[in-house]
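Notes follow the structure.
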Amino acid sequence: MGGSFFDLVYKVVRKIPKGRVATYGQVAALCGHPRNARAVGYALHVNPDPKQIPCHRVVNRFGGLSPAFAFGGEQRQKILLQDEGVDFHGLDTVDLAVYRWEEDYQ
DNA sequence: CTCTTGACGCACA
DNA sequence: GTGTGCGCCAAGA
């Protein structure tokens with residue numbers, strides 16, 4: 001680890017503050033590859049440290065998790081975010097306009 | 001080594 | 001405004 005795109009992804013995701021969410025494209029952009037959101041998803045897929053890397057805080061550009069999400073159950077992810085204070089706008093969609101993590105805000 | 005799939009995002013018709 | 005396809009990077013078969 002160290003230098004790889006994946007490691008950078010984990011690093012960024014780990015930096016996401018509690019109660020905030022980031023999009024795959026945003027993380028990819030922070031890694032230096034704004035068009036590589038796919039690799040970000042894959043990086044979280046291999047998620048070596050789920051306890052340290054809150055993948056539940058990473059959502060797609062719509063603010064909702066992918067239907068393939070299954071690191072413990074979609075419901076699980078929703079509960080975790082709600083517990084952090086994130087309000088869901090619908091069934092499994094968060095209000096990015098409010099909870100989207102901004103590097104400038106950190 | 002080549003082709004396909006994938007936790008995404010966006011440009012084009 | 002909507003529908004379709006393509007692009008980027010990586011991994012699996």
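What's counted below: heavy atoms across the whole structure, side chains too, no hydrogens, waters or symmetry copies. All figures in this text were calculated on a predicted structure; none of them were measured in a lab. Here is the naming used below: chain letters follow the sequence lines, and residue numbers restart at 1 for every chain.
- To the nearest angstrom, C1' of B/dA7 lies 17 Å from NZ of A/Lys78.
- The separation of C/dG5 from B/dT4, taken at their P atoms, amounts to 16 Å, rounded to a whole angstrom.
- Atom OH of A/Tyr24 is separated from atom C1' of B/dA7 by 4 Å (rounded to the nearest Å).
- A/Leu96 and A/Arg61 get closest at one heavy-atom pair: CD1-O, 3.1 Å.
- Remark: the separation of the C1' atoms in C/dG1 and B/dC8 is 22 Å, to the nearest Å.
- A/Ala22 approaches A/Val27 most closely through the heavy-atom pair CB-CG2, 4.2 Å.
- With rounding to whole Å, A/Tyr42 atom OH is found 11 Å from B/dG6 atom P.
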Exercise for the section: List the steps and the verdict of side-chain contact (heavy atoms from CB on, under 4.5 Å) for A/Asn36 and A/Phe5. Expected result: CA-CA 10 Å; A/Asn36 194 17; A/Phe5 175 77; 3.3 Å; yes

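- Between the side chain of A/Thr23 and the main chain of A/Gln26, a donor-acceptor pair closer than 3.5 Å is present.
- Bounding nucleotides for the chain A contact on DNA chain C, 5' to 3', at a heavy-atom distance below 4.0 Å, are C/dG7 to C/dG12.
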Practice task
Output, in order, the C-alpha distance, side-chain angles, deciding distance and verdict of side-chain contact (heavy atoms from CB on, under 4.5 Å) for A/Phe88 and A/Lys78.
Solution key: CA-CA 8 Å; A/Phe88 272 71; A/Lys78 190 191 298 183; 3.5 Å; yes

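- By the ring-ring contact (aromatic ring centres under 6.0 Å, His included) test, A/Tyr10 pairs with no residue at all, sequence neighbours left out.
- Separation of the C1' atoms belonging to C/dT4 and B/dA7 is 23 Å when rounded to the nearest angstrom.
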Could you pull out the protein-nucleic contacts involving nucleotides 1-4 of chain B (nitrogen or oxygen on both sides, under 3.5 Å)?
none

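- Side-chain contact between A/Val21 and A/Trp101 is absent, with no heavy-atom pair separated by less than 4.5 Å.
- No side-chain heavy atom of A/Val40 sits less than 4.5 Å from a side-chain heavy atom of A/Cys31.
- Summarising the geometry, atom NZ belonging to A/Lys11 is positioned 11.5 Å from atom CG belonging to A/Leu30; distances are rounded to the nearest 0.5 Å.
- Atom-to-atom, CZ of A/Phe6 to P of B/dA7 comes out at 13 Å; the value is rounded to the nearest Å.
- Within the structure, side-chain hydrogen bond (donor to acceptor under 3.5 Å, both in side chains) pairs that include any residue of residues 82-96 of chain A comprise A/His56-A/Glu84, A/Arg57-A/Glu84 (at least two apart or interchain).
- One can place CG of A/Leu30 at 13 Å from P of B/dG9, the figure rounded to the nearest angstrom.
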What side-chain donor-acceptor pairs closer than 3.5 Å can you find for residues 42-53 of chain A, not counting sequence neighbours?
from	atom 1	to	atom 2	distance (Å)
A/Asn47	OD1	A/Asp49	N	3.3

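- Taken residue by residue, residues 31-39 of chain A places heavy atoms nearer than 4.0 Å to DNA chain C at A/His33, A/Arg35, A/Asn36, A/Arg38.
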